[in-house]
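Lettering follows sequence order; numbering is per chain, from 1. Atom set for the values below is all heavy atoms of this structure, side chains included, hydrogens, waters and symmetry mates excluded.
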Amino acid sequence: MATPAPASKLDPLVSLCKRRGFIFQSSEIYGGINGFWDYGPLGCELKSNIKQSWWKTMVRTREDIVGLDATIIMHPAIWKASGHLDTFSDPMSTCKHCKKLMRADQTWEMLADNEFGAAMTELHAAGAPELGRVTAWCKGRGKGIAPNLAAVRNPDGILAVMGASLAGATFRNFVSLLASDNLVTPVQPCPYCGGELTEPRPFNLMFKTIVGPVEDPANIAYLRPETAQAIFAQFQNVLATSRQSPPFGIAQMGKSFRNEVTPRNYTFRSREFEQMELEFFIRPDEAIELLCGRVTTLADMPDLTTPQDNWGWQVWHTYWVEQRLAWYRSVGLPAASLVPYWQQPAELAHYARACVDIQYAFPFGIQELEGIAARSDFDLTQHQKHSGKSMEVFDEPLKLAAAKLDETARTAFVERVVADWTARGKGADEARAFVAKLLDGRYIPHVIEPSAGVDRMALALLCNAYAEEQVTDDKGKTETRTVLRFSPLVAPIKIAVFPLIKNKPELYAKAREIFGQLQRRWACFWDESGAIGRRYRRMDEAGTPYCLTVDFQTLEDGTVTLRDRDTMQQERLTVPALKEKLDEILLG
RNA sequence: GCGGGUGUAACUCAGUUGGUAGAGUGCCACCUUGCCAAGGUGGUUGUCGAGGGUUCGAGUCCCUUCGCCCGCUCCA
């Protein structure tokens with residue numbers, strides 16, 4: 001009867017993370033709090049290295065992306081405009097029988113779409129439903145289709161009493177009565193099994209707070225559920241001050257908050273988490289056509305290494321997928337562990353033209369690290385509508401290009417765009433207004449959004465790095481060596497410095513001197529206690545790629561030994577040579 | 001939110017029919033040590049997840065609650 005709990009595949013890693021100081025449970029001394037995690041001494045270095053690498057790759061080493069650091073709490077209207085206030089706060093119901101959770105406002109629609117609903121419609125359509133037919137169905141097919149419907153569970157008892165009230169009932173009332181155990185109060189039926197649904201409960205996935213000391217509903221604000229909206233809200237300010245114009249991007253890292261229904265899988269789905277997001281603003285394809293004559297699409301098999309003026313949104317989107325994959329590889333996730341997933345058209349949000357998830361093969365399943373969405377001009381348009389402020393850019397080259405068109409070419413272009421838009425289900429008036437602006441050099445930029453999770457990346461790196469290996473010593477004794485094989489680029493500690501023996505003052509002093517030098521460049525760790533082998537193994541568990549040991553030969557010729565974490569081999573080299581070597585490796 | 005499992009030292013775990021908590025590892029100090037969890041000596045650690053109840057007495061039995069893990073919903 002007592003089935004043993006299946007062990008989590010993450011358990012050994014969770015244990016190591018606590019033991020070595022990577023990750024602790026938040027508020028542990030008070031019993032913890034669900035969905036929140038703290039990063040200890042090694043964990044915060046790891047996270048910091050991830051973020052630094054991202055920032056360097058995305059912002060510092062590019063001329064077309066600039067940074068932003070916006071607040072976590074913003075004007076609540078932002079979340080109205082973005083759609084979060086509506087989509088993040090659906091009332092939900094749970095079926096008391098089959099335990100499924102669903103949006104309360106969709107239960108009737110779901111019912112209408114399935115076999116259960118069809119059967120109900122048929123029975124109800126008889127006008128004044130005949131008890132006999134209803135009873136027959138409940139005793140027959142109903143058992144398979146809606147096993148938890150009250151009338152199916154107790155057809156004779158319930159239906160006998162209920163006959164009168166069923167006559168003349170509306171469809172919903174009819175079904176609701178059949179779902180009712182007490183025969184009187186209609187209950188919401190579960191579209192999956194006919195069971196009774198709970199009262200709709202508000203499910204707000206956004207954290208609410210109050211701005212100012214007065215606890216008044218008028219002062220309600222939200223902790224941001226994503227960092228990206230601030231980028232849109234500050235779009236015009238950045239545009240005006242950064243001397244950038246599309247194509248260009250705005251990058252931001254920071255905390256976000258979601259009241260997740262089920263925080264699970266260690267830090268993977270946390271309620272407070274950190275994101276690294278880019279909004280890369282591009283010209284609409286119609287503008288590219290005016291500027292370059294035609295739009296480059298994936299069908300042209302473009303070279304994706306260097307951005308080109310004639311790229312359309314599709315090429316930009318794929319470019320960013322490639323760029324992001326390259327970054328994951330560069331910080332140590334093997335290409336084979338990364339699984340890009342192209343969302344099917346039916347899965348896309350209504351505003352998205354394409355979305356690729358970059359997934360990692362976690363021990364608990366293949367899960368998303370980053371989503372790269374082509375969001376068209378949806379977000380900026382929303383903010384323009386809600387704020388009343390223009391989100392357009394003025395594009396001088398575009399205006400000049402448009403001015404060169406003669407009357408026939410101009411008309412042809414307009415008609416082509418209108419035809420294209422109406423074919424995609426948009427209004428002709430809307431299309432004409434867009435073209436008119438475009439010919440004047442004005443448009444709302446489209447956007448490609450690579451949005452990555454810092455904590456998820458940290459977890460992926462930990463999972464990827466974790467290894468237990470069997471090592472056999474000189475005496476033939478075999479034991480397990482636990483090692484975190486981080487790329488040196490993200491390793492919390494880059495190099496540890498040991499005096500071979502601590503009770504020889506000259507040796508000790510020399511080691512301290514070298515440690516002092518190295519510390520100015522990299523995250524270093526000093527360890528003088530215990531045998532040398534033990535110190536090496538301690539650093540293996542911390543994922544430190546190099547250990548430097550100062551011995552008696554150091555005093556003679558200035559060389560030290562450098563021990564490699566992965567091969568456990570040593571090489572002897574001078575301190576300047578070592579600095580050069582590490583610089584080469586750690587510059588990335 | 002629902003169901004199942006689980007919670008004892010920093011980590012891994014033992015703890016009998018209820019009788020007042022232990023092992024290994026780690027960690028710290030000293031000695032020893034010329035390079036892979038070496039040896040010796042000494043030391044350190046617990047609201048037994050929390051709260052309540054039953055009892056003369058609860059880590060152990062009952063109730064409540066919280067966290068974690070495993071399954072249903074979410075997508076950074």
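- Here B:C35 presents its P atom at 23 Å from OH of A:Tyr546, a figure rounded to the nearest Å.
- Between A:Arg534 and B:G26, a side-chain N or O to OP1/OP2 separation shorter than 4.0 Å is present.
- In this structure, B:U60 forms no base pair with any nucleotide, since neither Watson-Crick nor G-U wobble geometry is met with both distances under 3.5 Å.
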Please list each protein N or O that sits under 3.5 Å from an N or O in nucleotides 29-33 of chain B, with the distance.
from, atom 1, to, atom 2, distance (Å)
B:U32, OP2, A:Asn503, ND2, 3.4

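- Take the nearest nucleotide of RNA chain B for A:Tyr536 and for A:Ala452: the residue whose nucleotide is more 5' is A:Tyr536.
- Contact annotation for A:Gln25: backbone-only contact, meaning every heavy-atom pair under 4.0 Å involves sugar-phosphate atoms and none involves a base.
- When each of B:G26, B:A76, B:C68 is scored by its nearest atom to the side-chain atoms of A:Glu368, the top-ranked nucleotide is B:A76.
- The separation between A:Arg258 atom CZ and B:A76 atom C1' is 6 Å, rounded to whole Å.
- The CG-P distance, from A:Asn259 to B:C75, rounds to 14 Å in whole Å.
- Residue A:Arg19 is classed as a sugar-phosphate contact, given heavy-atom separations below 4.0 Å to backbone atoms only.
- Put simply, the side chain of A:Arg563 does not reach to within 4.5 Å of the side chain of A:Arg535, judged on heavy atoms.
- Put simply, the side chain of A:Glu28 and the base of B:A10 share no donor and acceptor less than 3.5 Å apart.
- In this structure, A:Gly40 reaches neither bases nor backbone, as no heavy-atom distance under 4.0 Å exists between it and the strands shown.
- Nucleotide B:A76 holds its C1' atom 17 Å from the OH atom of A:Tyr360, rounded to whole Å.
- For A:Asn265 and B:C69, the shortest distance from a side-chain N or O to OP1 or OP2 is not below 4.0 Å.
- Nucleic acid contact for A:Thr549: base, since at least one base atom lies under 4.0 Å from a heavy atom of the residue.
- No hydrogens or angles were tested; on distance alone, nothing pairs the side chain of A:Arg264 with the base of B:C74 as donor and acceptor under 3.5 Å.
- Backbone-only engagement by A:Leu369 is indicated by non-hydrogen atom pairs under 4.0 Å involving sugar-phosphate atoms exclusively.
- Pairing for B:C28 is with B:G42, a Watson-Crick or G-U wobble pair whose two hydrogen-bonding atom distances lie under 3.5 Å.
- For A:Arg563, the side-chain atoms get nearest to B:C36 when compared with the rest of B:C35, B:A76, B:C36.
- If you check B:C69, B:A37, B:G67 against the side chain of A:Arg537, the one that comes closest is B:A37.
- Of the N and O atoms on the side chains of A:Glu277 and A:Ser451, at least one donor lies less than 3.5 Å from an acceptor on the other residue.
- Closest approach to the A:Asp357 side chain among B:C75, B:A10, B:C69 is made by B:C75 (side chain taken as heavy atoms from C-beta onward).
- Among the heavy atoms of the strands lying under 4.0 Å from A:Phe268 is at least one base atom, whether or not backbone atoms are also near.
- Side-chain contact annotation: A:Ser53 with A:Trp327, donor-acceptor N/O pair under 3.5 Å present.
- The CD atom of A:Gln470 sits 15 Å away from the C1' atom of B:C36 (whole-angstrom rounding).
- For the residue pair A:Tyr328 / A:Ser337, no side-chain donor-acceptor distance below 3.5 Å is found, with atom types taken as modelled.
- One can place NZ of A:Lys18 at 15 Å from P of B:G7, the figure rounded to the nearest angstrom.
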Polar atom pairs (N or O), protein with nucleotides 41-46 of chain B, under 3.5 Å:
none

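- A:Asp551 and A:Arg572 are joined by a salt bridge, as a carboxylate oxygen and a charged side-chain nitrogen come within less than 4.0 angstrom of each other.
- Between A:Met58 and A:Arg324 the shortest side-chain heavy-atom distance falls below 4.5 Å.
- Put simply, the residue from A:Glu272, A:Glu226, A:Glu274 that forms a salt bridge (charged side-chain N to carboxylate O under 4.0 Å, His left out) with A:Lys255 is A:Glu272.
- Using a 4.5 Å heavy-atom threshold, the side chains of A:Phe498 and A:Met539 count as touching.
- Within 4.0 Å (heavy atoms only), A:Thr561 reaches at least one base atom of the nucleic acid.
- Within the nucleic acid shown, A:Glu541 comes within 4.0 Å of at least one base atom, counting heavy atoms only.
- The residue among A:Gln367 and A:Arg538 whose nearest nucleotide of RNA chain B is located toward the 5' end is A:Arg538.
- Using a 30° and 60° split on the angle between ring planes, A:Tyr508 and A:Trp526 fall in the perpendicular class, above 60°.
- Counting only heavy atoms from C-beta outward, the side chains of A:Thr554 and A:Leu500 never approach each other to under 4.5 Å.
- In this structure, B:G67 forms a base pair with B:U6, meeting either the Watson-Crick or the G-U wobble geometry with both donor-acceptor distances under 3.5 Å.
- Residue A:Asn34 places no side-chain N or O under 4.0 Å from the OP1 or OP2 atom of B:C66.
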